[in-house]
Protein chains: 2
Amino acid sequence: MWLRVDARSSEPMYQQIVDQVKARVAEGLLKPGDRLPSVRELAGMLTINHNTIAKAYQELERQRVIEVVRGRGTFICETGQAWDAEARRQAMVDTMRKLVVEAHHLGMDETELLRLFQRVLAQWREQREGET
Amino acid sequence: MWLRVDARSSEPMYQQIVDQVKARVAEGLLKPGDRLPSVRELAGMLTINHNTIAKAYQELERQRVIEVVRGRGTFICETGQAWDAEARRQAMVDTMRKLVVEAHHLGMDETELLRLFQRVLAQWREQREGET
DNA sequence: CCGAGTGTACCACATGTACCGGTACACACG
DNA sequence: CGTGTGTACCGGTACATGTGGTACACTCGG
């Protein structure tokens with residue numbers, strides 16, 4: 001199974017689902033048109049309430065990751081269709097700024113920070129190619 | 001004044017204080033040995049409760065950003081003394097991974113993402129040099 | 001020594017919100 | 001109509017946040 005949730009995590013279960021689905025899409029394991037399990041089906045698999053799944057799906061739909069068709073199911077949709085792209089891009093910049101500050105407090109050089117980021121990018125590329 | 005808090009922000013006020021102090025330190029506007037206002041003094045300036053300031057200071061002390069001397073005040077201490085450096089470094093890696101996923105969903109290439117990060121770094125360096 | 005100023009440790013309380021579950025409803029398809 | 005889909009609503013629990021107040025321990029200068 002490509003989905004796992006931990007009820008004891010500090011991160012809420014619905015958020016874990018959101019993150020994992022987004023990651024699978026980014027990795028290419030979930031492609032546009034693919035259908036996700038129904039809320040009750042997935043709830044049964046994970047033995048949690050279907051409302052928790054529904055909340056995750058609603059968030060994913062808000063982010064234009066999935067498309068919901070009442071009575072039929074939910075499907076992965078094309079990427080790059082985000083309506084709030086500019087706001088989310090700005091949020092990424094804010095996150096990066098915080099990374100720079102945090103790096104400084106950990107005694108990391110700017111060069112080290114950049115190298116770390118490049119390493120994360122490289123690992124991502126490896127994993128993505130390995131699973132495809 | 002180098003500190004501003006917004007009570008209506010989704011981010012708690014004590015967290016805003018923590019982030020801003022850390023940013024000022026990283027920028028070099030606050031240097032090791034500099035003294036912060038007392039909890040009651042800063043509370044008066046921002047017209048919020050002293051307990052909120054105390055919470056921010058405790059968090060800053062936990063992260064080894066400031067040093068507390070009972071009866072004297074709080075002072076910026078040297079950087080690179082973090083005790084949980086490894087855990088915080090790992091948290092940075094997790095943040096970077098999420099950035100990669102988010103970039104993909106916004107239709108950003110890995111090259112674009114890297115360039116954006118480099119630009120943030122460059123802006124940071126400019127601002128830091130301009131204010132010093 | 002005393003007092004003012006410092007951070008700290010409590011407490012009680014109100015507020016808002018996140019989280020999750022149960023139930024019932026609305027829609028699509030065959 | 002029945003089954004399967006997502007959705008809306010309500011409620012309970014828990015937690016985070018912020019406030020106000022009080023008291024305590026410490027440092028320093030008078």
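Throughout, a chain's letter reflects where its sequence line sits, starting with A, and its residues are numbered from 1.
- Distance CD1 (B:Ile53) to C1' (D:dG20): 15 Å, rounded to an integer number of Å.
- For the pair B:Asp6 CG and D:dT17 C1', the interatomic distance rounds to 15 Å; values are reported in whole Å.
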Pick out the pairs of N or O atoms, protein on one side and nucleotides 7-11 of chain D on the other, that lie under 3.5 Å.
from, atom 1, to, atom 2, distance (Å)
D:dA8, N6, A:Asn51, OD1, 3.1

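- Side-chain to base pairing of B:Asn49 with D:dG20: one donor and one acceptor N or O lie within less than 3.5 Å of each other.
- Put simply, CG on A:Leu36 is 16 Å from C1' on D:dG4, counting in whole angstrom units.
- Between the side chain of B:Arg128 and the main chain of B:Ala26, a donor-acceptor pair closer than 3.5 Å is present.
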**OP:** Step by step, work out the side chain to side chain contact (heavy atoms under 4.5 Å, CB included) result for B:Tyr57 and B:Ile66.
**Re:** CA-CA 8 Å; B:Tyr57 281 10; B:Ile66 64 176; 4.0 Å; yes

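- Rounded to whole angstrom, the span from the OH atom of B:Tyr14 across to the P atom of D:dT19 amounts to 13 Å.
- Between the C1' atom of D:dT3 and the CZ atom of A:Arg72 lies a distance of 15 Å, rounded to the nearest Å.
- Atom NE2 of A:His104 and atom OG1 of B:Thr79 lie 5.0 Å apart (nearest 0.5 Å).
- Using modelled atom types and a 3.5 Å distance limit, the side chains of A:Gln16 and A:Gln20 yield no donor-acceptor pair.
- Nearest nucleotide to the side chain of A:Thr74, out of D:dT17, C:dC29, D:dG6: D:dG6.
- For A:Ser38, counting side-chain heavy atoms from C-beta on, the closest listed nucleotide (C:dG7, D:dG18, D:dT5) is D:dT5.
- Residue B:Arg35 contributes atom CZ, which lies 12 Å from atom C1' of D:dC28 at whole-angstrom precision.
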Under 3.5 Å, which donor-acceptor pairs do the side chains of residues 110-118 of chain A form with other protein atoms, sequence neighbours left out?
from, atom 1, to, atom 2, distance (Å)
A:Glu110, OE1, B:Arg125, NE, 2.8
A:Glu110, OE1, B:Arg125, NH2, 3.0
A:Glu112, OE2, A:Asp109, N, 3.2

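- What separates CD1 of B:Ile48 from P of D:dT17 is a distance of 14 Å, to the nearest Å.
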